[in-house]
2 protein chains.
Amino acid sequence: MTTPRIRLSPDTRREQLLDLGVKLLATRPLEKLSIDLLAEAAGISRGLLYHYFGNKQDFHEAVVRRATEDLFALTAPTDDPDPLARLSGSLDGYLGFVETNRQGYQSLVRAAYSGNPTMREIYESARAALTDRIFDEAEPGVLEEFGIEDTPALRLMVRGWSAMVEHVVLAWVEDSGGIDRQALLDSLSQALFQIMTTAPKAD
Amino acid sequence: MTTPRIRLSPDTRREQLLDLGVKLLATRPLEKLSIDLLAEAAGISRGLLYHYFGNKQDFHEAVVRRATEDLFALTAPTDDPDPLARLSGSLDGYLGFVETNRQGYQSLVRAAYSGNPTMREIYESARAALTDRIFDEAEPGVLEEFGIEDTPALRLMVRGWSAMVEHVVLAWVEDSGGIDRQALLDSLSQALFQIMTTAPKAD
DNA sequence: GTGGGCTATTGAACAGGCGTCAATAGCCTG
DNA sequence: CAGGCTATTGACGCCTGTTCAATAGCCCAC
């Protein structure tokens with residue numbers, strides 16, 4: 001009755017478990033992704049998971065890291081040289097991702113706030129990568145034209161803007177409240193522009 | 001050896017457990033606030049906790065609700081009639097609260113993202129109350145002077161600004177990066193002003 | 001083709017935290 | 001000071017994470 005045990009190469013097995021983890025995360029929060037659930041879904045014993053990932057924490061971290069990689073890959077900005085157009089396009093891609101992966105994205109954000117410092121770092125670096133590439137890949141000198149200066153204060157405010165985007169987008173996806181999609185995107189990019197042009201100069 | 005059991009009135013006992021819960025929350029995240037820990041700290045049996053709060057969820061919710069009430073009470077705005085001054089004072093009080101209750105405030109924010117809808121609602125309504133009172137208590141007509149119109153889109157963006165404030169303030173408290181306290185407060189209130197004056201009109 | 005070894009895989013056992021409930025014992029009232 | 005109401009207990013069952021010695025699939029040498 002019981003399925004005969006199947007022996008796979010470590011790489012294959014690890015990949016299978018990681019992919020399955022991300023897939024299951026799209027339907028439930030991280031805390032509901034138990035060892036039991038994954039083992040049963042993968043058709044393996046609980047013990048095997050501990051062979052590949054030291055413990056539940058490590059497994060969860062690996063799954064979240066994989067999920068952020070997916071997010072990053074699926075939201076590449078356009079190659080428009082205008083930074084504003086790049087920002088707009090990137091925001092559009094980001095919103096699209098959230099629209100089609102609402103549950104998975106919620107699980108991701110929640111994981112970032114779960115209290116585990118490593119988890120937070122994983123998400124924080126993903127978020128940094130998302131915003132950085134909008135500007136870093138732009139032609140040098142464009143920012144200076146607008147009087148934007150790269151200071152710790154500016155970086156802090158931009159990270160704050162990211163948090164705002166997360167919140168607004170998640171709320172809008174839940175219930176748009178009659179707000180037009182494009183108007184939302186415009187407001188968010190305009191907010192960033194304003195924030196950047198008026199950030200305080202560091203002491 | 002064992003302490004003789006002490007019989008208190010339900011109200012007294014409940015109050016004691018709630019206060020103790022908030023106190024313990026200031027030193028650890030919510031998920032570490034186990035039944036065992038609280039029972040031992042309070043000098044009671046685990047069973048008694050289930051008599052007062054149906055289960056761990058309910059207990060956690062009650063503790064978080066109490067914590068948000070404390071936050072609200074400790075950050076009352078000044079009675080300045082000028083809405084900008086009121087906002088500034090309120091932000092100042094809020095930052096002060098976070099500075100002196102960093103751990104507890106972190107636990108609070110994390111709880112809000114924990115996935116429990118009730119928890120989220122508790123925190124969301126506290127956040128709404130914090131921002132609403134800045135404007136609701138202002139003299140009527142001031143907002144209109146600045147062309148600010150109360151629309152779903154505006155409310156959404158203001159809630160987004162709250163998320164930004166949370167993020168920025170927590171990051172700044174962790175590591176100021178040489179950013180001046182007053183400059184931070186100014187940037188945040190200025191950001192709100194800009195966001196409010198340029199929010200899209202709902203279709 | 002086959003026997004043997006490397007190691008992927010298992011499952012039973014342990015730990016610790018949540019939740020239940022019949023039994024116990026403070027405190028108040030007459 | 002006796003009796004009752006009910007606040008309080010503690011032992012029990014269950015579920016989930018974690019360990020580890022035993023098992024068995026796959027590949028290679030012959």
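Order of the sequence lines fixes the chain letters, A, B, ..., with proteins taken first and strands second; residue numbering starts at 1 for each chain.
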*Asks:* Take the protein atom NE2 of His60(A) and the nucleotide atom C1' of dT16(D), then report the distance between them rounded to whole Å.
*Replies:* 12 Å

*Asks:* I'd like to know whether Arg86(A) forms a salt bridge (charged side-chain N to carboxylate O under 4.0 Å, His left out) with Asp79(A), so could you lay out the CA-CA distance, the side-chain angles of the two residues, the decisive distance to 0.1 Å, and finally the verdict.
*Replies:* CA-CA 7 Å; Arg86(A) 291 172 62 80; Asp79(A) 55 357; over 6 Å; no

*Asks:* Check the distance between dA7(D)'s P and Asp11(B)'s CG and give it to me in whole angstrom.
*Replies:* 10 Å

*Asks:* Is it the case that atom CD in Glu69(A) sees more than 12 heavy atoms from other parts of the structure closer than 6.0 Å?
*Replies:* yes

*Asks:* For Glu61(B), enumerate each residue passing the salt bridge (charged side-chain N to carboxylate O under 4.0 Å, His left out) test, keeping only those at least two apart in sequence or located in another chain.
*Replies:* none

*Asks:* Quickly work out the Glu40(B) CD to dT9(D) P distance and round it to whole Å.
*Replies:* 13 Å

*Asks:* Let's see if you can work this out: which of dA7(D), dG17(C), dA8(C) has an atom nearest to the side-chain heavy atoms of Ser34(B)?
*Replies:* dG17(C)

*Asks:* Contact class for Ser45(B) vs. all strands (heavy atom < 4.0 Å): base, sugar-phosphate, or nothing?
*Replies:* base

*Asks:* Which label fits Tyr105(A) and Tyr94(A): parallel for a plane angle under 30°, tilted from 30 to 60°, or perpendicular past 60°?
*Replies:* perpendicular

*Asks:* Would you kindly give the CG-to-C1' distance between Asp58(B) and dC18(C), to the nearest whole Å?
*Replies:* 13 Å

*Asks:* Has His51(A) got a side-chain N or O lying under 4.0 Å from the OP1 or OP2 atom of dA8(C)?
*Replies:* yes

*Asks:* In residues 110-121 of chain B, which residues come under 4.0 Å of DNA chain D by heavy atom?
*Replies:* none

*Asks:* Where along nucleotides 19-30 of chain C does protein come under 4.0 Å, by heavy atom, of base (B) or sugar-phosphate alone (S), with - for untouched nucleotides?
*Replies:* BB---BBBS---

*Asks:* Filter on side-chain hydrogen bond (donor to acceptor under 3.5 Å, both in side chains), then keep only pairs touching residues 31-40 of chain A, sequence neighbours left out; what's left?
*Replies:* Asp36(A)-Arg46(A)

*Asks:* Using the side-chain hydrogen bond (donor to acceptor under 3.5 Å, both in side chains) rule, collect all pairs that involve residues 47-57 of chain B, keeping only residues at least two apart or in two chains.
*Replies:* Gln57(B)-Asn116(B)

*Asks:* Could you tell me whether the phosphate oxygens of dT9(C), OP1 or OP2, come under 4.0 Å of any side-chain nitrogen or oxygen in Tyr52(A)?
*Replies:* yes

*Asks:* Can we say Glu99(B) and Arg181(B) salt-bridge, meaning some charged N sits less than 4.0 Å from an Asp/Glu carboxylate O?
*Replies:* yes

*Asks:* Would you give me the side-chain donor-acceptor pairs under 3.5 Å for residues 166-177 of chain A, sequence neighbours excluded?
*Replies:*
unit_1	atom_1	unit_2	atom_2	d
Glu166(A)	OE1	Arg127(A)	NH1	3.0
Glu166(A)	OE2	Tyr123(A)	OH	2.5
Glu166(A)	OE2	Arg127(A)	NH1	2.3
His167(A)	ND1	Arg127(B)	NH2	3.2
His167(A)	NE2	Arg127(B)	NH2	3.4
Trp172(A)	NE1	Ile179(A)	O	3.1
Glu174(A)	OE2	Gln106(A)	NE2	2.8
Asp175(A)	OD1	Gly177(A)	N	3.0
Ser176(A)	OG	Gly178(A)	N	3.3

*Asks:* For the side chain of Thr68(B) and the backbone of Ala126(B), is there at least one donor-acceptor N/O pair under 3.5 Å apart?
*Replies:* no

*Asks:* Rounded to whole angstrom units, what separation is found between the CG atom of Leu33(B) and the C1' atom of dC18(C)?
*Replies:* 14 Å

*Asks:* Without decimals, in angstroms, what is the distance between Lys32(B) NZ and dG16(C) P?
*Replies:* 15 Å

*Asks:* What is the distance, rounded to the nearest whole Å, between atom CG of Leu37(A) and atom C1' of dC15(D)?
*Replies:* 14 Å

